Protein chains: 2
Amino acid sequence: MAVPSPIPATPAASPLFLREHEVRRGVELLFFGYTRLTRSIDEGLAEHGLGRAHHRALYFIARQPDLTISDLLRILAITKQSLGRVLNDLSARNLVETRSGSADRRQKLLRLTEQGKAFEAQLFEALRTSLATAYAAAGQESVTGFWRVLEGLIPTEDRAMVAALQKDI
Amino acid sequence: MAVPSPIPATPAASPLFLREHEVRRGVELLFFGYTRLTRSIDEGLAEHGLGRAHHRALYFIARQPDLTISDLLRILAITKQSLGRVLNDLSARNLVETRSGSADRRQKLLRLTEQGKAFEAQLFEALRTSLATAYAAAGQESVTGFWRVLEGLIPTEDRAMVAALQKDI
DNA sequence: AAGATACGTCAATATGGCTGTCCCATCTCC
DNA sequence: GGAGATGGGACAGCCATATTGACGTATCTT
């Protein structure tokens, strides 16, 4: 594949990973990259009177239909009360629906409604555009490195959860 | 430097950058990586009764001493009122001090006090540990790719600001 | 002298987290 | 069958962090 010219301002990483400079560069790029990416969907959310917390729930339900509440709590790492409010908002807007589990009827299985799917897909388009542009500008090998470093930032005990999300789509 | 074996769960990026799978992988790793990294400093902040907003200000003042208020506003992209509260908290705890600009006396130049420097350095240690571990596990080339992709996520109009931060340390 | 700029501050509001407590339905295991 | 564990919901109250809009003061620019 044709790799577009890399952004010229990025020199290669030196082997001295512990040097403060390189750590600060990572901290800053993560901060700006993450915050700018999340801002790219705020407008779409505001049209429905929703915030980023709603998007996170929507996103992970889209990603893994029939997720249970406790699965989602583990993923988002927030309290039941905080998530409850968010899910109530999403149900009230007919974006999410629940069924009780077949094996364990105490569980609630979360799914997006057709409306929810359409809305999540619309928000995802903004993310896709941003990330695809960045991927294309950086090139294939950079994307692999991007993933590897981020995986290393996730504590060991959380990695299985992330891998589980990513194995089936 | 000895590079530990890369995390095995990361296959190489395929050339099809636009595939939904690859975009979702990036979104998720960014989410987990960013949130886990920021959580790593919460404990240190809580000891002083401060939050993440305070750390962000502290961080960028450490990074670029004699920053003005409006510089910091541009970097953080929050409102004057929000920043004002944060800076008042930091001043009250003797972590930040201001002088008025020599060329333009309307400006306030922000600096860390000795206490502020020590505290920022303490928080930075947690970031350094997390990032250095991830860098080492991923390897030098991955780190370069990590940076390149993140730079691509920053809107063009903000890139000069980020580059300016990183050029002098 | 007029206007723009840098900064501060007031009041009101929204969002998204938190803790603690209590409840109900259901499953598991003895 | 009964005890206890688990999945989920809900109450009340609190905190941190962001927002808008308006207004004030000092200082710089022209």
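Lettering follows sequence order; numbering is per chain, from 1. Predicted, not measured: the structure shown is a model, and the values here were computed from it.
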Between P on D:dT27 and CD on B:Gln107, what's the gap in Å once rounded to a whole number? 13 Å
Ion pair present between A:Arg99 and A:Asp66, side-chain N to carboxylate O less than 4.0 angstrom? yes
Selected nucleotide, minimal atom distance to B:Ala53 side chain, candidates D:dA18, C:dC7, D:dG7: D:dA18
Can you measure B:His48 atom NE2 to D:dC15 atom P for me and round it to whole angstrom units? 21 Å
Base, sugar-phosphate alone, or nothing: which one does B:Gly84 contact when heavy atoms must sit under 4.0 Å apart? nothing
Taking the side chain as C-beta and beyond, is there a heavy-atom pair between A:Lys108 and A:Thr68 under 4.5 Å? no
So which one's nearest nucleotide on DNA chain C is more toward 5', A:Gly101 or A:Arg56? A:Arg56
Counting only distance, no hydrogens or angles, is the base of D:dG9 paired donor-acceptor with the side chain of A:Lys80 under 3.5 Å? yes
Is the gap between the ring centers of B:Phe31 and A:Phe60 under 6.0 Å? yes
Separation of C:dC18 atom P from A:Leu73 atom CG, nearest Å, is 10 Å
To the nearest angstrom, how far is A:Asp104 atom CG from C:dT28 atom P? 6 Å
Heavy-atom nearest nucleotide on DNA chain C taken for A:Ile78 and for B:Gln81; more 5' hit belongs to B:Gln81
Atom pair distance, as rounded to whole Å: CZ in B:Arg99 and P in C:dC7: 14 Å
In whole angstroms, how far is the P atom of C:dT15 from the CZ atom of B:Arg52? 20 Å
Less than 3.5 Å between a donor and an acceptor, one on the side chain of A:Arg105 and one on the base of C:dT26, is that the case here? no
Counting only heavy atoms not in B:Glu157, do more than 12 sit closer than 6.0 Å to its CD atom? yes
For D:dA10, does the base pair up with any side-chain atom of A:Arg85 as donor and acceptor (N or O, under 3.5 Å, distance only)? no
With a cut-off of less than 4.0 Å, is there a side-chain N or O of B:Ser82 near OP1 or OP2 of D:dT19? yes
Using only side-chain N and O atoms of B:Thr79, determine if any of them is under 4.0 Å from OP1 or OP2 of D:dA18. no
Side chain of A:Ile69 only, please: which of D:dG8, C:dA6, D:dT20 is the nearest? D:dG8
Expressed as a whole number of angstroms, how long is the span from A:Asp42:CG to C:dG16:P? 10 Å
Within less than 4.0 Å of OP1 or OP2 of D:dT17, is there a side-chain N or O belonging to B:His54? yes
Return the value, rounded to whole Å, for the distance between atom NE2 of B:His55 and atom P of D:dA16. 18 Å
Side-chain ion pair, B:Arg24 and A:Glu120, N-O less than 4.0 Å: yes
Any B:Ser70 side-chain N or O less than 4.0 Å from OP1/OP2 of C:dA6: no
For B:Thr68 and C:dA6, is the shortest distance between a side-chain N/O and OP1 or OP2 below 4.0 Å? no
A side-chain contact here means heavy atoms from C-beta on lying under 4.5 Å apart; do B:Tyr34 and A:Leu150 qualify? no
